[in-house]
Amino acid sequence: MLKLTKKADYGLIALRHLASAQRAASAKDIADTYGIPLPLLSKILQKLTRTGFLISEQGTRGGYRLAREARDITTLEVIRTIDGPIILTQCFTEHAECDQSTRCPVREPLRKVHEGILRLLSAITVHDLTDDQMPIPSIGNLSTIQITQN
């Protein structure tokens, strides 16, 4: 199952908060607003600062603020920064081979799904997350997929 870790989820929540507020906010303010454990959020914010997503400001009006425009930060890069690579199945890792690799009938279709997920996440920015009515971005033929029941 493809699932975000709590760290990635909390990181995106914090970035959305900062994009919406358009001002610096403390880790405590963000943690209190969303019920996030402060020690965990502090570690996530420190990592996002080290990797250039946030700027940490000291002083009475200090806290964290976005280092780049929210429109320029994709959900894919945030998730990869916090969680590492996104892997739908082990087939898509560098060293993954299994007994079925050469004759697997779903490897190629799953590769396409994997690439579609990556394209979708790279098309959604932190700014997009601030819009509660955010439309799903159209990325190739993903917007035309229809789900049918047999």
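Residues take their numbers from the sequence shown, with the count starting at 1. The figures here come from the full heavy-atom set of this structure, side chains too, leaving out hydrogens, waters and symmetry mates.
- Counting only residues at least two apart or in different chains, salt bridge (charged side-chain N to carboxylate O under 4.0 Å, His left out) contacts with residues 26-44 comprise K28-D32.
- The backbone N or O of S20 lies less than 3.5 Å from no partner atom in the side chain of T130, so there is not a single donor-acceptor pair.
- Taking the side-chain hydrogen bond (donor to acceptor under 3.5 Å, both in side chains) definition, one finds that T125 meets it with D128, sequence neighbours left out.
- Interatomic distance, I36 CD1 to I30 CD1, rounded to the nearest 0.5 Å: 8.0 Å.
- A single hydrophobic cluster is not seen to contain both I44 and I55; linkage of ILVMFWY side chains at heavy-atom distances under 4.5 Å, directly or through other members, places them apart.
- Residue E115 holds its CD atom at 4.0 Å from CZ of R111, rounded to the nearest 0.5 Å.
- For A19 against A70, the heavy-atom pair with the smallest separation is CB-CB, 3.7 Å.
- Not counting sequence neighbours, the partners of R16 by the salt bridge (Lys or Arg N to Asp or Glu O under 4.0 Å) test are D132.
- Using a 4.5 Å cut-off on side-chain heavy atoms (C-beta onward), T75 and L15 make no contact.
- Counting heavy atoms from C-beta on, the side chains of T51 and R80 never come closer than 4.5 Å.
- The two atoms that bring A31 and L41 nearest to each other are N-CD2, 3.5 Å, heavy atoms only.
- For residues 62-75, the salt bridge (charged side-chain N to carboxylate O under 4.0 Å, His left out) pairs, not counting sequence neighbours, are E57-R65, R68-E77.
- Hydrophobic clustering of Ile, Leu, Val, Met, Phe, Trp and Tyr side chains at less than 4.5 Å, counting indirect connections, unites I124 with V113.
- In this structure, CG in L12 is found 6.0 Å from CG in L129, a value given to the nearest 0.5 Å.
- Applying the ring pair (Phe, Tyr, Trp, His ring centres under 6.0 Å) test to pairs two or more places apart or on separate chains, those with a residue in residues 11-70 are H17-Y34.
- In this structure, the side-chain hydrogen bond (donor to acceptor under 3.5 Å, both in side chains) partners of T5, at least two apart in sequence or on a different chain, are D83.
- Separation of atoms CD1 (I73) and OG1 (T81) is listed at 10.0 Å; rounding is to 0.5 Å.
- When each of L66, I82, L18 is tested with L48 by the rule side-chain contact (heavy atoms from CB on, under 4.5 Å), just one qualifies, namely I82.
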